[in-house]
Amino acid sequence: MPELPEVETIRRDLEEKIIGKKIASVLILAKKSVHYSIDKFIKVLTGDKITKINRRGKLLYCSFTKSNLFLLIHLKMTGQLIYRQNKKITAGGHSLGAIDFELPNKFTRVIIKFNDGSELFFNDLRRFGYLKLVSTEEKDKILQKSFGIEPLTSDFTWIDFRKIFNKRMTTVKALLLNQKLISGLGNIYVDEACFCAGVRPNRRVNKLTVTEIKKLFICIPKILQLAIKNRGTTFKDFMDSDGKQGNHIDFLKVYGRDGEKCKRCKGMIQKIRLGGRGTHFCPKCQK
DNA sequence: GTGTTTGTTATCAA
DNA sequence: CTTGATAACAAACA
């Protein structure tokens, strides 16, 4: 479940690896994963070079040397972007031994081959993710329409953050998951941000004190920065562009820890269902 | 066979 | 028009 820290980890790594490399060929194994005319998609990419990889929330968008179109990549729940130079790659981030696995595998949906022999694999077990091409105008329209405040940038101001709590009745969980209001947070980091701020995810946002909103404002970038430093959370499917796991799971305070002891107060972490999502919190540390 | 996992959108109600 | 809540999608696994 790649959220902002996982997508940013991939973005930074790929920038080091594929910028300026000429695309030799494109192989589409699952048409559904490419939201564009298949023929045109291949035609546009082949022979061109990616000049820059940007990120907005959980969405990646790439610009090209020749084409004026942008390549949008959304990993949704199980998407992976894995880059390799040889036939086999070595994976396994934790203390466990390295695993070798073959690529492409049964979940590989698109392969982009570069003229130095290296390859970029788009894998996606659930097929929610996609690659698509859009014009500058379409790209700008999408970014404007679907994405709220971007954390970790100068857009993330106290004034704007506080504004999204105004005149709303929804829960903290639903508000922070809403990409149109604040982008990049998903189920893991919303729960973690709420724990950090001492706020229960099921609280109504209009009942929060200014102090509590301020705590969320401080906690959100803090948690995202740390997760990026740890190269993301691998709960199930996430792996970086080398096929390695993230290291942040041991730093999680509540997500996936239901039934375990709270690291702060030794109480029991609870799990509830909120807005159809698994939601974790400490009843003692969060009010 | 059933429930569970979640990012995003569609849909409906108020 | 806005907001909120919920279902739906997809596929594998315990």
Side-chain angles (χ1 to χ4, degrees), chain A residues 1-11 29-35 55-61 72-81 101 105-110 122-132 134 138-139 141-148 150-151 163-194 201-208 224 227 232-239 245-246 248-249 252 254-259 269-281:
Chain A
M1 313 146 231
E3 304 178 26
L4 188 154
E6 290 77 29
V7 177
E8 179 63 16
T9 298
I10 290 171
R11 190 197 70 76
L29 306 176
K31 288 181 183 171
K32 189 182 174 297
S33 298
V34 176
H35 294 190
R55 181 189 57 75
R56 182 82 162 88
K58 305 167 193 169
L59 181 72
L60 291 172
Y61 57 102
L72 270 47
I73 305 175
H74 203 304
L75 303 173
K76 292 285 182 91
M77 288 179 61
T78 57
Q80 303 172 331
L81 286 169
F101 59 94
N105 61 33
K106 61 193 281 205
F107 305 127
T108 302
R109 312 302 182 196
V110 179
F122 174 68
N123 294 346
D124 187 21
L125 183 151
R126 303 275 284 274
R127 301 181 199 234
F128 275 19
Y130 61 80
L131 276 62
K132 72 195 270 189
V134 295
E138 287 172 300
K139 184 255 301 172
K141 202 173 145 193
I142 290 168
L143 294 188
Q144 199 185 12
K145 186 186 68 156
S146 315
F147 296 87
E150 182 71 32
K163 244 182 231 168
I164 65 176
F165 289 77
N166 279 350
K167 295 174 190 168
R168 284 180 203 279
M169 303 279 285
T170 191
T171 59
V172 178
K173 176 94 181 192
L175 180 115
L176 295 181
L177 277 177
N178 189 337
Q179 305 297 301
K180 291 184 172 68
L181 301 177
I182 175 168
S183 53
L185 296 172
N187 213 27
I188 297 175
Y189 298 108
V190 166
D191 285 4
E192 294 299 314
C194 286
N202 60 354
R203 290 273 300 282
R204 294 279 153 183
V205 298
N206 56 323
K207 302 281 188 187
L208 292 186
L224 294 175
T233 302
T234 298
F235 204 78
K236 201 168 177 297
D237 297 293
F238 172 69
M239 50 174 68
Q245 303 187 348
H248 193 66
I249 192 162
L252 297 180
V254 286
Y255 184 88
R257 301 194 68 249
D258 41 307
I269 302 298
Q270 272 190 24
K271 182 177 183 182
I272 58 170
R273 208 149 187 91
L274 195 54
R277 295 293 176 254
T279 300
H280 315 70
F281 67 97

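Within every chain, numbering begins at 1; the chains are lettered A, B, ... in the order of the sequence lines, protein sequences first and strands thereafter.
- For A/K58, there are no side chain to side chain donor-acceptor pair (under 3.5 Å) partners, not counting sequence neighbours.
- The interatomic distance linking A/I164 (CD1) with C/dG4 (P) rounds to 11 Å, in whole Å.
- If you find the closest nucleotide of DNA chain B to A/L185 and to A/R273, the one lying nearer the 5' end belongs to A/R273.
- When the nearest nucleotides of DNA chain C are assigned to A/R168 and A/R277 by heavy-atom distance, the more 5′-ward of the two goes with A/R168.
- Contact check, A/T170 against C/dT3: no side-chain N or O comes under 4.0 Å of OP1 or OP2.
- Rounded to whole angstrom, the span from the CD atom of A/Q179 across to the C1' atom of B/dT9 amounts to 12 Å.
- Taking only distance into account, the side chain of A/R204 never meets the base of C/dG4 through a donor-acceptor pair shorter than 3.5 Å.
- At whole-Å resolution of the value, CZ in A/R56 and P in B/dG7 are 17 Å apart.
- Regarding A/N202, its CG atom lies at a distance of 16 Å from the P atom of C/dG4, rounded to whole Å.
- One can place CG of A/N178 at 15 Å from C1' of B/dA10, the figure rounded to the nearest angstrom.
- We find that CE of A/M1 is positioned 11 Å from C1' of B/dT4, with the value rounded to whole Å.
- Where A/G278 and A/S146 meet DNA chain B, the nucleotide closest to each residue was compared, and A/G278 sits on the side nearer the 5' end.
- Residue A/L177 contributes atom CG, which lies 7 Å from atom P of B/dG7 at whole-angstrom precision.
- Which of C/dA5, B/dG7, B/dT5 sits closest to the side chain of A/Y255 comes down to B/dT5.
- A heavy-atom distance below 4.5 Å is not found between the side chains of A/Y61 and A/V134.
- Shown here are the side chain to side chain donor-acceptor pair (under 3.5 Å) partners of A/T9, two or more places apart in sequence or in another chain: there are none.
- A/F147 pairs by the ring pair (Phe, Tyr, Trp, His ring centres under 6.0 Å) definition with nothing, not counting sequence neighbours.
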Tabulate atom names and distances for all N/O pairs under 3.5 angstrom spanning the protein and nucleotides 11-13 of chain C.
{"unit_1": "C/dA11", "atom_1": "OP1", "unit_2": "A/R127", "atom_2": "NE", "d": "2.9"}
{"unit_1": "C/dA11", "atom_1": "N1", "unit_2": "A/R126", "atom_2": "NH2", "d": "3.4"}
{"unit_1": "C/dA11", "atom_1": "N3", "unit_2": "A/R126", "atom_2": "NE", "d": "3.1"}

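- Atom NZ in A/K167 sits about 17 Å away from atom C1' in C/dG4, given to the nearest Å.
- Contacts of A/F107 classified as ring pair (Phe, Tyr, Trp, His ring centres under 6.0 Å), with partners at least two apart in sequence or in another chain: none.
- When the side chain to side chain donor-acceptor pair (under 3.5 Å) test is applied to A/E150, the partners found at least two apart in sequence or on another chain are A/R55, A/R56, A/S183.
- A salt bridge links A/E8 with A/R11: the closest approach of a Lys/Arg side-chain nitrogen to an acidic carboxylate oxygen falls below 4.0 angstrom.
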